[in-house]
J.: 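Below is the structure I would like to discuss, written out as structure tokens.
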2 protein chains.
Amino acid sequence: MSAVNERRERERAHRHQLIITAARELAEAEGWEAVTTRRLAERVEYSQPVLYSHFTGKDAIVSAVAIDGFSELAAHLRRARQAAPEQGQTLRAVCRAYLNFAVERPALYQAMFVLHTDLKFASAETPPPLRAAFDEFVSCFRPDSQRRELFAEVTWSALHGMAVLSDSGRILPDGQEERLDFLVTQIADSGASRDD
Amino acid sequence: MSAVNERRERERAHRHQLIITAARELAEAEGWEAVTTRRLAERVEYSQPVLYSHFTGKDAIVSAVAIDGFSELAAHLRRARQAAPEQGQTLRAVCRAYLNFAVERPALYQAMFVLHTDLKFASAETPPPLRAAFDEFVSCFRPDSQRRELFAEVTWSALHGMAVLSDSGRILPDGQEERLDFLVTQIADSGASRDD
DNA sequence: AAGGATGTCTAGCCCTGCTAGGATTCCGTC
DNA sequence: GACGGAATCCTAGCAGGGCTAGACATCCTT
């Protein structure tokens with residue numbers, strides 16, 4: 001491959017990421033319903049069909065944003081877990097970090113967990129960042145427990161329910177801290193690694 | 001008001017309900033993305049603008065379907081609660097009934113909890129059926145506990161998370177029974193009225 | 001029977017995601 | 001340096017979405 005082609009490849013990859021970040025910024029600024037292919041094309045200063053030379057469709061763009069989000073979420077949770085104040089508080093710290101993430105980046109969270117994407121989750125084709133984020137929950141529980149994954153799934157489900165019901169106004173956002181406290185207390189009773 | 005007007009009023013109310021059930025049936029048969037105003041109008045054998053003489057827009061139609069769903073859910077949960085096999089198993093019975101409802105009527109469930117509607121939830125304008133469904137969860141906990149509502153919110157959130165993550169393929173549907181079992185066990189530890 | 005109000009439909013607006021085909025630009029070769 | 005070919009990009013347009021204005025018809029009232 002010639003040097004010219006390599007440059008083109010670089011530019012193409014750069015534009016690829018440009019589209020993703022533009023979609024994300026637009027969504028975070030005005031919500032996903034404002035993210036249309038026309039507005040997105042205008043934003044990256046190309047015509048519409050260019051988008052389709054990078055992605056198979058709009059869903060694929062949302063999926064790309066979501067994957068970026070999974071990486072950030074995994075890092076966010078890991079940071080919270082490692083900075084947990086005392087032993088036995090890691091589960092609470094990770095859960096709180098999760099809810100914070102959902103509140104502070106609602107559009108990103110929607111791309112990851114609400115909007116329709118063509119991502120494979122619990123399978124072999126699961127994107128690594130997605131698995132990494134989930135594993136942060138898993139590692140909050142005793143390593144010797146064979147039901148760690150189950151615990152993590154339920155914890156994650158509860159947090160997701162709280163996040164999405166709160167975001168859509170179906171429960172009041174005020175009580176989140178209390179709900180979090182109750183959830184963690186109940187879950188931790190049998191399962192959390194409070195003694196590692 | 002003349003008898004003629006009364007007849008018209010009746011016919012109008014009948015057509016109103018006809019639209020709602022048509023929307024619901026279409027959604028349950030082919031999913032909400034197949035429910036367009038054109039197809040809906042064709043289904044009720046009227047032209048499009050007729051829909052807008054009954055509802056302010058498509059969102060309002062979805063909301064109407066959702067309200068019907070809340071009534072059914074409330075009745076469904078009540079039935080499960082009253083038919084609970086033994087004392088102390090009511091919470092488990094109600095939770096299982098909730099998940100069953102979500103699995104068996106996925107389109108209805110989406111209208112109630114996922115799609116955008118203009119319904120007010122935790123407020124004074126909350127539709128009574130909605131409040132009734134929520135109260136079924138509340139009444140699973142000790143009447144003397146002042147945190148019953150909190151318990152109910154967290155339980156509901158967890159179930160909703162499980163339902164929606166499972167429906168969208170983000171967790172495997174197989175483990176639902178195990179997750180339910182774990183959730184109920186943890187929640188019941190402090191809060192469920194196992195001795196009433 | 002004429003007038004008026006009510007109800008309904010046809011036609012169309014502007015939006016969406018997406019694509020075909022022509023025009024342009026740029027690279028490698030002679 | 002000029003040309004042929006290929007890669008790239010844009011203009012224009014399609015089908016279908018939610019929604020609405022205005023014409024048409026229908027029916028009750030006077």
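So you know, we letter chains A, B, ... as the sequences are listed, proteins then strands, and number each from 1.
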J.: Looking at residues 20-35 of chain A, who's got a heavy atom less than 4.0 Å off DNA chain C?
T.: V35(A)
J.: Listing request: all ring pair (Phe, Tyr, Trp, His ring centres under 6.0 Å) pairs with a residue in residues 25-65 of chain A, at least two apart in sequence or in separate chains.
T.: H16(A)-H54(A), H16(A)-F55(A)
J.: Check this for me: R78(A), atom CZ, are more than 12 non-hydrogen atoms of other residues, nucleotides or ligands nearer than 6.0 Å?
T.: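 For R78(A), atom CZ is not crowded (no more than 12 foreign heavy atoms under 6.0 Å).
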J.: Tell me whether the rings of F113(B) and Y98(B) are parallel (<30°), tilted (30 to 60°) or perpendicular (>60°).
T.: tilted
J.: Can you tell me how far P of dG18(D) sits from CG of D118(B), to the nearest Å?
T.: 16 Å
J.: Does the pair F182(B) and I187(A) meet the rule for a side-chain contact (heavy atoms from CB on, under 4.5 Å), with working shown?
T.: CA-CA 9 Å; F182(B) 175 65; I187(A) 296 279; 3.9 Å; yes
J.: Step by step, would you call L91(A) with F151(A) a side-chain contact (heavy atoms from CB on, under 4.5 Å)?
T.: CA-CA 11 Å; L91(A) 179 62; F151(A) 298 160; over 6 Å; no
J.: Should T37(B) be listed as having a side-chain N or O under 4.0 Å from OP1 or OP2 of dC19(D)?
T.: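 T37(B) to dC19(D) OP1/OP2: no side-chain N or O under 4.0 Å.
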J.: Go through it in stages, so that I can follow the logic: the residues are S168(A) and R170(A), the test is side chain to side chain donor-acceptor pair (under 3.5 Å), and I'd like the CA-CA distance, side-chain angles, deciding distance and then a yes or no.
T.: CA-CA 6 Å; S168(A) 63; R170(A) 285 171 166 89; 3.1 Å; yes
J.: Starting at atom CD1 of I61(A), determine the distance to atom C1' of dT16(C), rounded to an integer number of angstrom.
T.: 14 Å
J.: What is the distance from CG of L40(A) to P of dC18(C), rounded to the nearest Å?
T.: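 Distance check: L40(A) CG to dC18(C) P gives 12 Å.
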J.: Indicate, with a heavy-atom threshold strictly under 4.0 Å, whether R15(B) touches base, sugar-phosphate, or nothing.
T.: sugar-phosphate
J.: Can you find a heavy atom in the side chain of R105(A) that is under 4.5 Å from one in the side chain of F101(A)?
T.: yes
J.: Quick one, Q17(A) with D68(A), criterion side chain to side chain donor-acceptor pair (under 3.5 Å). Give me CA distance, side-chain angles, the key distance, then yes/no.
T.: CA-CA 10 Å; Q17(A) 191 58 38; D68(A) 276 14; 3.3 Å; yes
J.: Taking DNA chain D as the partner, which of residues 44-60 of chain B come within under 4.0 angstrom of it by heavy atom?
T.: Q48(B), P49(B), Y52(B), G57(B), K58(B)
J.: Donor-acceptor pair under 3.5 Å: do we get one between R38(B)'s side chain and the base of dG16(D)?
T.: no
